[in-house]
Amino acid sequence: MGRNDFRIPLYSTKTPYFWGKDIDEFIGEDEEIWVDYDNKECQIIHLNLILRHGSRSPTLSWIKQMTALGNILKSNPEVIERFPFLNSWENPFPETQAGHLSDLGEDEHFSLGRRFGRSEHRQAVRHFTRGLTDTLDGESRKNVKPAINDKLLRFFDTCSKYIKSVENNKTAAPEHTSFKYGAEMQRIAQKIADKLGLKTLNSEEAQTIHHLCAFELAMFDKSDWCDMLEKEDLFIFEYLYDLKQYWKRGYGHSVNWGMSCPFNSNVFKQLNDVIHKARNGVE
């Protein structure tokens, strides 16, 4: 069936932009440029917009887990009887494209570029800039030159304290680990196992099915894997992934936000420079 009702913003960081916003929303040409402030109509002269990357293919580890689980389920006649699509299913995500920006991600950043901003992902920057320049005329179009600054934007790649104490530390997300193997996830895993006609299913396998549903539905507008899930399950999976993001990327450890200070300082410096130039009539 594919579960069209699953196209909702309940996939944590895997949620496509378009599922959180009306794709048919009309945005006036100057709608994002003028704002009302203190009974005055003001024109924006500078904007810093921080965006996550667009929709990507699964990472290599997830692709391998998808293939492995698919092969296990395809070898079980009971499962095939209940979900015949598995008989011909092949992993649509090649390992060579692991983590790459998808066609959907390109469209997302092209659309965002038409509204303006900045991105941390190299492929996203290219498509974002294409959308941005599509809205400009004359000399303005010629002057748009994307710049990549991994040291500033991908600070987490070079912070040794973060890499050692959080990223590569299996004990850095205790609540995520507890929930992953706790009663709620066990309940969902068993519910999926019952649908498949299996005695049991572990948490990782349940997550793999959820990832297959999410990625296929996002990129191909259809996923039979979603039929193994219930809509209410999406809330549990999202909570699980949000816990991981809290501990690995959010407020769970001081180094998480501490290492972003140079980046935030750079943002405020840019804003202060723009204000100074505007007040002094400097272009």
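When reading the values below, keep in mind they use all heavy atoms of this one structure, side chains included, and skip hydrogens, waters and symmetry mates. Keep in mind the model is a prediction, meaning the values are calculated, not measured. Residue numbers start at 1 and run along the sequence shown.
For Asn256 (side chain) and Gly250 (main-chain N/O), a donor-acceptor pair under 3.5 Å exists by modelled atom type. A donor-acceptor pair is defined here as one N or O able to donate and one able to accept, closer than 3.5 Å; such a pair exists between the side chain of Ser102 and the backbone of Gly105. Checked by atom type and distance alone, the side chain of Asp233 pairs as donor or acceptor with a backbone atom of Glu230 at under 3.5 Å. The backbone N or O of Lys40 lies less than 3.5 Å from no partner atom in the side chain of Asp38, so there is not a single donor-acceptor pair. The backbone N or O of Pro262 lies less than 3.5 Å from no partner atom in the side chain of Asn266, so there is not a single donor-acceptor pair.
Using cut-offs of 30° and 60° for the angle between ring planes, the Phe237 and Tyr241 rings count as parallel.
Annotation: the span from Asp221 atom CG to Ser223 atom OG amounts to 11.0 Å, rounded to 0.5 Å.
Around CZ of Phe220, the count of heavy atoms belonging to other residues, nucleotides or ligands within 6.0 Å exceeds 12. In the displayed structure, Lys14 atom NZ is contacted under 6.0 Å by more than 12 heavy atoms of other residues, nucleotides or ligands. Taking a 6.0 Å sphere around OH of Tyr239, one finds it holds 12 or fewer heavy atoms contributed by other residues, nucleotides or ligands.
Contact check for Leu201 versus Ile188: no side-chain heavy atoms found under the 4.5 Å cut-off. Looking at Thr158 and Asp150, their side chains never come closer than 4.5 Å, going by heavy atoms from C-beta outward. Counting heavy atoms from C-beta outward, Leu240 and His176 have side chains that approach closer than 4.5 Å. Between Phe179 and Ile236 there is a side-chain heavy-atom pair separated by less than 4.5 Å. Side-chain contact between Trp19 and Ile8 is absent, with no heavy atoms from C-beta onward closer than 4.5 Å. Looking only at side-chain heavy atoms (C-beta outward), Leu229 and Lys195 stay at 4.5 Å or farther from each other. Put simply, the side chain of Asp5 reaches to within 4.5 Å of the side chain of Lys231, judged on heavy atoms. No side-chain heavy atom of Cys42 sits less than 4.5 Å from a side-chain heavy atom of Asp36.
In the hydrophobic cluster analysis, where Ile, Leu, Val, Met, Phe, Trp and Tyr join through side-chain heavy atoms closer than 4.5 angstrom, Phe85 is grouped together with Met219. By the criterion of side-chain heavy atoms lying less than 4.5 angstrom apart, applied directly or through intervening Ile, Leu, Val, Met, Phe, Trp or Tyr residues, Leu153 is grouped together with Val267 in one hydrophobic cluster. The same ILVMFWY cluster, assembled from side-chain heavy atoms under 4.5 Å apart, contains both Leu217 and Leu212.
Between Glu106 and Arg56 there is no salt bridge, since no side-chain nitrogen of the basic residue lies less than 4.0 Å from a carboxylate oxygen of the acidic one. Between Glu167 and Lys161, none of the side-chain N atoms (NZ, or NE/NH1/NH2) sits under 4.0 Å from a carboxylate O, so this pair counts as no salt bridge. We find that Lys277 and Asp273 are not joined by a salt bridge, their nearest charged nitrogen and carboxylate oxygen being 4.0 Å or further apart. In this structure, Lys191 does not pair ionically with Asp194, as no charged nitrogen and carboxylate oxygen lie closer than 4.0 Å.
Closest of all the heavy-atom pairs between Pro77 and Ser75 is CD-O, 3.5 Å. Taking both residues in full, the closest heavy atoms of Ile209 and Leu69 are given as CG1-CD2, 3.6 Å, listed atom of the first, atom of the second, then distance. Nearest heavy atom pair, residue Met259 against residue Cys159, reads SD-CB, 3.9 Å. For the pair Ser203 and Lys180, the tightest heavy-atom approach, listed with the atom from each and the gap, is OG-O, 2.9 Å. When every heavy atom of Thr200 is checked against every heavy atom of Ala193, the shortest pair comes out as C-CB, 3.7 Å. Closest non-hydrogen pair, Glu216 versus Asp224, comes out as OE1-N, 4.4 Å.
Aromatic ring centroids of His211 and Trp62 lie under 6.0 Å apart. Side-chain rings of His253 and Tyr246 stay apart, their centers remaining 6.0 Å or farther from each other.
A ring pair (Phe, Tyr, Trp, His ring centres under 6.0 Å) with His210 is found for one member of Phe6, Trp225, Tyr11 and no other, namely Tyr11.
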**Message:** I'd like to know whether Arg249 forms a side chain to side chain contact (heavy atoms under 4.5 Å, CB included) with Tyr162, so could you lay out the CA-CA distance, the side-chain angles of the two residues, the decisive distance to 0.1 Å, and finally the verdict.
**Reply:** CA-CA 10 Å; Arg249 299 284 189 270; Tyr162 169 76; 2.5 Å; yes
